[in-house]
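Sharing a structure, written as structure tokens. Questions coming.
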Number of protein chains: 2
Amino acid sequence: MTSTPGRRVTLADVARAAGVSTSTASVVFSGKVNVAEATRRRVLAAAASLGYAGPDPRAASLRLGRSGIVGVVISGELRHAFLDPVTTAMMDGLTDALASVSTGILLLRDDPRGDEMPPITEAPVDAVVLIGWSGRTPSALEIVRRRGLPVVMIEGDAGEGIPRVTLDNREASAAISRHVSRLGHVDVATVTLPLDADRRRGAVTAERVAAATVEVTLDRLAGFREVYPDAPGVTASASLVDEGMIAARALLTEADGGVRADRPTAIVAQSDLLAVGVIRAAEECGLRVPEDLTVVGFDGIAADGLGSLRLTTVVQPAVAKGRAAGEQITRMLAGGPGESVHFTCTFREGETAAAPPHRAG
Amino acid sequence: MTSTPGRRVTLADVARAAGVSTSTASVVFSGKVNVAEATRRRVLAAAASLGYAGPDPRAASLRLGRSGIVGVVISGELRHAFLDPVTTAMMDGLTDALASVSTGILLLRDDPRGDEMPPITEAPVDAVVLIGWSGRTPSALEIVRRRGLPVVMIEGDAGEGIPRVTLDNREASAAISRHVSRLGHVDVATVTLPLDADRRRGAVTAERVAAATVEVTLDRLAGFREVYPDAPGVTASASLVDEGMIAARALLTEADGGVRADRPTAIVAQSDLLAVGVIRAAEECGLRVPEDLTVVGFDGIAADGLGSLRLTTVVQPAVAKGRAAGEQITRMLAGGPGESVHFTCTFREGETAAAPPHRAG
DNA sequence: TTGTAAGCGTTATCAT
DNA sequence: ATGATAACGCTTACAA
């Protein structure tokens with residue numbers, strides 16, 4: 001219980017005070033070798049009286065060659081990412097699967113902070129998980145590759161030999177679109193996730209699609225287009241309820257706020273949060289869901305505040321995705337090979353899809 | 001561009017290949033000393049051809065005595081914490097203020113994982129930010145103290161000489177309660193945040209309050225009780241819309257679902273998310289807000305999906321709180337003293353509070 | 001401008 | 001069961 005001396009207390013100090021060698025003191029803390037009970041107690045007593053807090057993790061990490069930290073690079077702003085229940089669920093699975101090899105998750109910035117070296121260059125991480133895709137993903141990957149760090153990519157293509165955790169975005173999207181089609185809908189529109197790092201809102205045009213970089217968005221769009229090749233779409237700037245509302249208003253209303261005559265009878269949203277926004281916007285302008293408008297989503301995550309709304313959607317195993325990523329990292333850290341893991345969504349019938357209303361024609 | 005040799009490439013290897021000393025090679029990377037342009041290029045070329053990824057952060061951190069990592073301990077489950085816009089906003093301010101001294105934020109687990117040593121013991125962090133309070137906070141603090149790490153506590157009492165970032169929870173809560181009182185409300189109830197680590201729902205009883213540990217909850221409750229000393233309350237298990245709905249149903253409805261005759265005319269919620277849930281529950285049972293029921297919140301954060309709802313609430317400067325914590329950490333890392341910082345909420349009039357309805361009576 | 005050398009605090013190997 | 005010793009890969013006085 002001594003107070004701060006000039007210098008930091010080290011293992012050597014403790015050993016000296018206890019009258020043992022540093023190696024003996026070391027094993028007392030690591031517990032990896034048998035130590036006589038008496039010695040053990042003497043060392044612990046010395047440590048306590050000197051206020052030694054245990055081996056310095058920085059020194060240990062140099063010696064051991066690992067820091068017990070796994071870096072997570074999330075594309076886009078952290079605040080956006082964490083407000084998305086899908087991301088949160090994934091992080092849950094990830095931290096869980098990583099618990100045995102890691103003391104924690106290091107959130108790495110991915111913002112365009114000028115010319116500085118990206119944080120991954122200087123962060124003492126044992127492995128890296130990349131989530132999503134941004135313009136800086138390739139350079140991040142290159143750094144990680146050179147540092148020889150195990151890396152797993154969730155929802156994104158990292159190229160050659162990088163284990164991925166993927167979802168059948170296209171198939172699932174096609175499946176739910178077919179469901180809408182079978183109900184009889186012809187005039188259908190889609191609300192997509194961001195197309196690129198710009199996250200600019202607006203109509204989904206051929207040019208924008210050609211320049212798009214976010215694979216998830218493109219895959220889900222492709223699945224939708226399998227069923228509705230020429231259907232219009234609006235892209236949102238984030239997976240948020242409010243964004244869904246904005247997009248839906250663009251699809252449903254005239255400039256004066258009235259409902260358009262040529263409005264779609266169904267809207268396929270690329271996320272549940274967007275779908276909830278679409279529903280709110282629909283209700284706002286007097287359309288009932290699903291009687292007047294069918295709305296389907298994607299993700300199947302129970303977001304807070306949705307109340308009793310049972311959305312027709314496809315459910316993705318978000319926690320399992322995170323867990324799979326963590327498991328692959330764990331394997332690679334143990335020297336094994338990393339494998340890609342593919343997940344499948346399951347359709348879930350809710351109460352927001354029905355046959356289209358009869359129209360005067 | 002050489003492929004994996006048996007051993008990791010070190011600075012010494014690069015120096016040897018470039019025909020310079022390791023110290024010279026070192027400064028080429030750190031850029032802290034002038035190096036002849038020719039030498040510089042030679043070293044860089046050697047590094048590139050050997051596939052050297054730059055100085056190993058683990059070794060650097062031992063030598064420098066800092067890792068560039070700041071640990072964040074959030075009480076409770078991460079997934080809960082991150083779904084709260086207040087936390088997210090705080091994290092934003094924190095990462096922002098920390099950008100100059102830190103490559104990232106290390107999310108430390110705080111779960112009751114049996115007997116193991118808590119992660120802070122083994123994590124190579126330069127400083128720690130504690131958010132909220134849990135039963136393990138004291139032991140976390142003790143470890144941090146022994147390791148001599150700078151620490152700042154947000155919303156919680158760390159005791160002696162630990163800089164805190166605080167909010168005028170009690171005063172703000174009293175202020176908004178007075179607002180409700182001035183409108184003429186007499187039968188008022190409150191919905192509180194969790195009282196303790198258990199997060200058990202239920203009525204706010206004297207016993208539960210006496211055993212409560214969450215300071216924020218107690219402070220806001222105290223402020224409310226300044227104005228309504230004997231008003232009933234219900235405690236929620238988290239700051240979520242759905243929890244607000246559950247709590248409100250307990251306050252407003254009979255067992256059979258009908259509205260209670262003795263229902264309150266106003267509900268003071270301890271967070272905006274809870275308030276939104278209260279409003280949803282009220283609408284569910286046919287009560288109009290604010291005509292039939294006044295609902296006020298706390299936080300003033302623009303959460304997604306609230307649409308155009310203008311809640312009457314008190315606004316807390318969440319981003320500024322995070323930033324302040326980051327700034328104190330930065331100062332302490334620079335050797336300066338850390339200071340406590342106190343923030344004040346501001347009342348914001350919305351559209352969810354009005355005079356109580358006239359009653360038969 | 002570049003090189004020499006001394007650690008940073010730990011852990012693992014190998015004797016004893 | 002314990003101890004001497006050699007790394008781990010880097011940075012920075014200080015010397016040349």
Side-chain angles (χ1 to χ4, degrees), chain A residues 5-43 46-47 50-68 121-126 146-149, chain B residues 5-43 46-47 50-68 121-126 146-149:
Chain A
R7 212 169 41 81
R8 278 199 55 189
V9 183
T10 74
L11 194 53
D13 298 327
V14 174
R16 200 173 311 117
V20 299
S21 71
T22 54
S23 41
T24 300
S26 175
V27 295
V28 165
F29 286 98
S30 72
K32 293 195 173 176
V33 179
N34 277 356
V35 180
E37 184 54 27
T39 321
R40 214 182 75 87
R41 257 204 286 275
R42 207 142 35 86
V43 171
L50 291 176
Y52 180 67
D56 182 336
R58 284 183 287 257
S61 77
L62 172 58
R63 175 63 232 229
L64 297 170
R66 55 190 155 71
S67 61
T121 318
E122 306 178 0
V125 294
D126 296 339
R146 284 168 89 99
R147 282 184 57 188
L149 298 175
Chain B
R7 214 169 40 81
R8 279 199 55 190
V9 183
T10 74
L11 193 54
D13 298 327
V14 173
R16 200 172 313 117
V20 299
S21 72
T22 55
S23 52
T24 303
S26 175
V27 296
V28 165
F29 286 98
S30 73
K32 292 196 172 174
V33 179
N34 278 356
V35 180
E37 183 55 26
T39 321
R40 214 182 75 88
R41 258 204 286 275
R42 209 141 34 88
V43 171
L50 290 176
Y52 181 67
D56 181 337
R58 284 181 290 255
S61 77
L62 172 57
R63 176 63 231 236
L64 297 169
R66 54 187 157 71
S67 62
T121 319
E122 306 178 4
V125 295
D126 296 339
R146 283 170 88 100
R147 282 183 57 187
L149 298 175

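Naming: A, B, ... by sequence-line order, numbering from 1 per chain.
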Side chain of A/Thr10 - closest among C/dG9, D/dT12, D/dC10: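 Nearest to the side-chain atoms of A/Thr10, counting from C-beta on, is C/dG9.
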Nucleotide D/dA1, atom P - distance to CZ of A/Arg41 in whole Å: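 The answer, rounded to whole Å, is 15 Å.
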Sugar-phosphate, base or nothing in reach of B/Leu62, heavy atoms under 4.0 Å: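 Base, at least one base atom sits under 4.0 Å.
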Minimum heavy-atom distance between B/Ala25 and B/Leu11, given as atom pair plus value: CB-CD1, 3.7 Å
Sugar-phosphate only, base, or nothing, as touched by A/Ser26 at under 4.0 Å among non-hydrogen atoms: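 Since a base atom lies under 4.0 Å of A/Ser26, the category is base.
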Touch class at under 4.0 angstrom, heavy-atom based, for A/Phe29 against every strand present: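 Nothing, no heavy atom under 4.0 Å.
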Rounded distance in Å - CD (B/Glu122) to C1' (C/dT11): 14 Å
Touch class at under 4.0 angstrom, heavy-atom based, for B/Val35 against every strand present: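 Sugar-phosphate contact only.
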B/Val35 to B/Thr39 - nearest heavy-atom pair and separation: CG1-CB, 3.8 Å
Residue B/Asn34, side-chain heavy atoms: nucleotide from C/dG9, C/dT1, C/dA5 that is nearest: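 Nearest nucleotide to the side chain: C/dT1.
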Minimal non-hydrogen separation, A/Arg147 against B/Ala53, with atom names: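 Heavy atoms only, the tightest pair is CG-CB, 3.3 Å.
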Out of D/dT2, C/dG3, D/dT12, whichever nucleotide has its closest atom nearest the side chain of A/Val33: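 My answer, after comparing the listed nucleotides, is D/dT2.
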Nearest heavy-atom neighbours spanning A/Pro57 and B/Ala123: CG-O, 3.6 Å
Side-chain N,O (B/Tyr52) to OP1/OP2 (D/dC10) below 4.0 Å: yes
Phosphate contact (D/dT2 OP1 or OP2) by A/Thr24 side-chain N/O below 4.0 Å: no
Residue-phosphate contact under 4.0 Å: B/Thr39 side-chain N/O, C/dT2 OP1/OP2: yes
Spacing of OG belonging to B/Ser61 relative to CG belonging to A/Asp56, to within rounding of 0.5 Å: 8.0 Å
Residue mapping more 5' on DNA chain C - nearest nucleotide basis, A/Thr22 or B/Glu37: B/Glu37
Value in whole Å for how far the C1' atom of C/dT10 lies from CG of A/Asp13: 13 Å
Rounded distance in Å - CZ (B/Arg58) to P (D/dC10): 10 Å
Most 5' of B/Arg63 and B/Ser21 on DNA chain C, judged by nearest nucleotide: B/Ser21
Bend angle of the helix from C/dT1-D/dA16 to C/dT16-D/dA1, from helix axes over five pairs at each end, nearest 10°: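 The angle, to the nearest 10 degrees, is 30°.
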Spacing between A/Arg147 atom CZ and D/dG9 atom C1', to the nearest angstrom: 13 Å
Rounded distance in Å - CG (B/Leu64) to C1' (C/dG9):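 Computing the B/Leu64:CG to C/dG9:C1' distance gives 14 Å.
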Shortest non-hydrogen contact between B/Val9 and B/Leu50, atoms and distance: CG2-O, 3.5 Å
Presence of donor-acceptor pair under 3.5 Å, side chain of B/Ser23 and base of C/dT4: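 Indeed there is one.
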Test item: A/Arg42 side-chain N/O and A/Ala18 main-chain N/O as donor-acceptor pair under 3.5 Å: yes
Integer-rounded Å distance: D/dC10 P and B/Arg16 CZ: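 Rounded to the whole Å, the gap is 12 Å.
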Atom pair distance, as rounded to whole Å: NZ in B/Lys32 and C1' in D/dA13: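 Going from NZ in B/Lys32 over to C1' in D/dA13 covers 14 Å.
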Minimum heavy-atom distance between A/Phe29 and A/Val43, given as atom pair plus value: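 That would be CE1-CG1, 4.2 Å.
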